[in-house]
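Data first, discussion second: the structure below is written as structure tokens.
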2 protein chains.
Amino acid sequence: MTESESALRRMGLRLTPQRSAILGYLEGNETHPSAGEVFQALRAEHPTMALATVYNTLRCLVEAGLILEIRVAAGEVNYDPDTSTHDHAYCTRCGRIFDLPRAAASGPEAGPPGFSVESVRRVLYGRCAECVGKQK
Amino acid sequence: MTESESALRRMGLRLTPQRSAILGYLEGNETHPSAGEVFQALRAEHPTMALATVYNTLRCLVEAGLILEIRVAAGEVNYDPDTSTHDHAYCTRCGRIFDLPRAAASGPEAGPPGFSVESVRRVLYGRCAECVGKQK
DNA sequence: ATAATTGCAAAAGCTTTGCACGGAA
DNA sequence: TTCCGTGCAAAGCTTTTGCAATTAT
């Protein structure tokens, strides 16, 4: 059983084949897939898995703190299995999301008066190396 | 004619009553409304305005650089008439979005190798003063 | 006059929900 | 055995699109 799987159990969640598959796909995955992409990727190996199950599972995993959800593009939520502190760079042409180490001095984390900060997200928007200079 | 309106003209866009109304509603608005909220707010004064027009107009204004779109909550895009450099704080309980001045030292703005940065967004997630301590 | 823009309605995505069956513990 | 989780289908939302009629320039 992987570390993530035992973490699931610790959260009081059952370990089903579907959850194993989704966790296994996310593990070490740096593509920041959306729910739909996870579904497509697992379809070959798990033809009966429902898209709703993918959504349900991803929500569970987020609530359990095993993965992060990131919102950089309109119309979809992407998931990141790396829960350590880091930033993201989003290419506005190809849509890819890159991980970035967060610099030590990334600014004060103070909100408005009385605001209790739980997490800080930082996203760089621009063109990735492959898309720089290309039109449209 | 307001500054925003002449800016519209400069972009080669026509100045319609609907666009004036939307610009007027956004001007100085600090609530970061979604398209649906803009539509609801203008409904009384402009009963014939279509929701699609609101969406079209907001997209125009974003492309013209007159407003910013911000994505902090799932399922909707919010708009910010303040295009100056600043950050946001999002209350995960009540959903309100607050403006934050961006500190001078807000970290390096370098992406992956070859990445050309166009803009940087920073969001603090947490509980606002009114929601801190409240349950759920 | 001309072409952009609107309103309306339909459609397209993404995501959630209800419910009966099936499987993990 | 228990009841959580799955699959399926339907519904909910936000957003986009097609097209005829309207209107800014």
Side-chain angles (χ1 to χ4, degrees), chain A residues 1-2 4-23 25 32-43 45-64 66-67 69-79 95 97, chain B residues 1-2 4-23 25 32-43 45-64 66-67 69-79 95 97:
Chain A
M1 187 180 311
T2 71
S4 295
E5 288 176 342
S6 44
L8 253 194
R9 305 289 282 275
R10 252 177 277 125
M11 300 300 296
L13 299 171
R14 289 187 182 170
L15 180 53
T16 66
Q18 293 84 346
R19 288 179 177 171
S20 279
I22 293 172
L23 273 173
Y25 176 68
H32 308 84
S34 63
E37 286 165 351
V38 172
F39 176 66
Q40 289 298 335
L42 297 180
R43 209 165 185 186
E45 285 289 323
H46 302 260
T48 71
M49 180 156 51
L51 180 54
T53 297
V54 175
Y55 276 102
N56 289 336
T57 298
L58 290 171
R59 182 160 19 119
C60 279
L61 298 180
V62 169
E63 286 170 4
L66 296 178
I67 63 177
E69 55 178 35
I70 52 188
R71 295 186 250 270
V72 293
E76 73 177 21
V77 177
N78 296 279
Y79 296 89
I97 301 170
Chain B
M1 184 180 312
T2 71
S4 294
E5 287 176 343
S6 45
L8 253 194
R9 304 289 282 273
R10 253 177 276 124
M11 301 299 298
L13 298 171
R14 289 184 181 174
L15 182 53
T16 65
Q18 294 84 346
R19 286 178 179 171
S20 280
I22 293 172
L23 273 173
Y25 176 69
H32 309 84
S34 65
E37 285 164 352
V38 172
F39 177 67
Q40 289 299 334
L42 298 180
R43 210 165 185 185
E45 285 290 323
H46 302 260
T48 71
M49 180 157 51
L51 179 54
T53 297
V54 175
Y55 276 101
N56 289 336
T57 298
L58 289 172
R59 181 158 23 116
C60 279
L61 298 180
V62 169
E63 286 170 4
L66 295 178
I67 63 176
E69 56 178 34
I70 53 189
R71 295 185 251 270
V72 294
E76 72 178 21
V77 177
N78 296 279
Y79 296 89
I97 301 170

**Message:** Could you tell me how far apart Leu58(B) (CG) and dT5(C) (P) are, to the nearest whole angstrom?
**Reply:**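 These atoms are roughly 15 Å apart.
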**Request:** Mind calculating the distance between CZ (Phe39(B)) and P (dT6(C)) to the nearest angstrom?
**Result:**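 My rounded result for the distance is 14 Å.
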**Message:** Each nucleotide in nucleotides 8-19 of chain D should get exactly one letter: B, S or -. Can you fill that in based on protein heavy atoms under 4.0 Å?
**Reply:** BB----SBBB--
**Request:** Kindly write out the residues that satisfy side chain to side chain contact (heavy atoms under 4.5 Å, CB included) with Ala21(A), not counting sequence neighbours, or none if the list is empty.
**Result:**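 With neighbours one apart ignored, the set is Leu42(A), His46(A).
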Heavy-atom side-chain contact between [X] and [Y] under 4.5 Å:
X: Ile70(A); Y: Val77(A); result: no
X: Leu15(A); Y: Ser20(A); result: yes
X: Arg19(A); Y: Cys60(A); result: yes
X: Tyr25(A); Y: Pro33(A); result: yes
X: Tyr79(A); Y: Val38(A); result: no

**Message:** Evaluate Leu61(A) against Leu13(A) for side chain to side chain contact (heavy atoms under 4.5 Å, CB included), listing each step before the verdict.
**Reply:** CA-CA 10 Å; Leu61(A) 298 180; Leu13(A) 299 171; 5.7 Å; no
**Asked** Between the two end axes of the helix from dA1(C)-dT25(D) to dA25(C)-dT1(D), each built from 5 base pairs, what angle do you get to the nearest 10°?
**Response**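 Answer rounded to 10°: the end axes differ by 40°.
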**Message:** If you compare every side-chain N and O of Arg19(B) against the phosphate oxygens of dT6(C) (OP1, OP2), does one of them come in below 4.0 Å?
**Reply:**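 Arg19(B) to dT6(C) OP1/OP2: side-chain N or O found under 4.0 Å.
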**Prompt:** So, is Gln18(A) near the phosphate of dG23(C), with a side-chain N or O under 4.0 Å from OP1 or OP2?
**Reply:**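 Result: no.
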Donor-acceptor list for residues 48-58 of chain A side chains, cut-off 3.5 Å, not counting sequence neighbours:
from: Asn56(A); atom 1: OD1; to: Arg59(A); atom 2: NH2; distance (Å): 3.4
from: Asn56(A); atom 1: ND2; to: Ala52(A); atom 2: O; distance (Å): 3.2
from: Thr57(A); atom 1: OG1; to: Thr53(A); atom 2: O; distance (Å): 2.8

**salt bridge (Lys or Arg N to Asp or Glu O under 4.0 Å) partners of Glu69(A), counting only residues at least two apart** =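 Once residues adjacent in sequence are excluded, the partners of Glu69(A) under the salt bridge (Lys or Arg N to Asp or Glu O under 4.0 Å) criterion are Arg71(A).
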With 3.5 Å as the limit, what N/O pairs link the protein to nucleotides 20-24 of chain D?
from: dA24(D); atom 1: N3; to: Arg14(B); atom 2: NH1; distance (Å): 3.2

**Asked** Sub-3.5 Å donor-acceptor pair from the side chain of His32(A) to the main-chain atoms of Asn78(A), do we have one?
**Response**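 Judged by distance alone, no pair lies under 3.5 Å.
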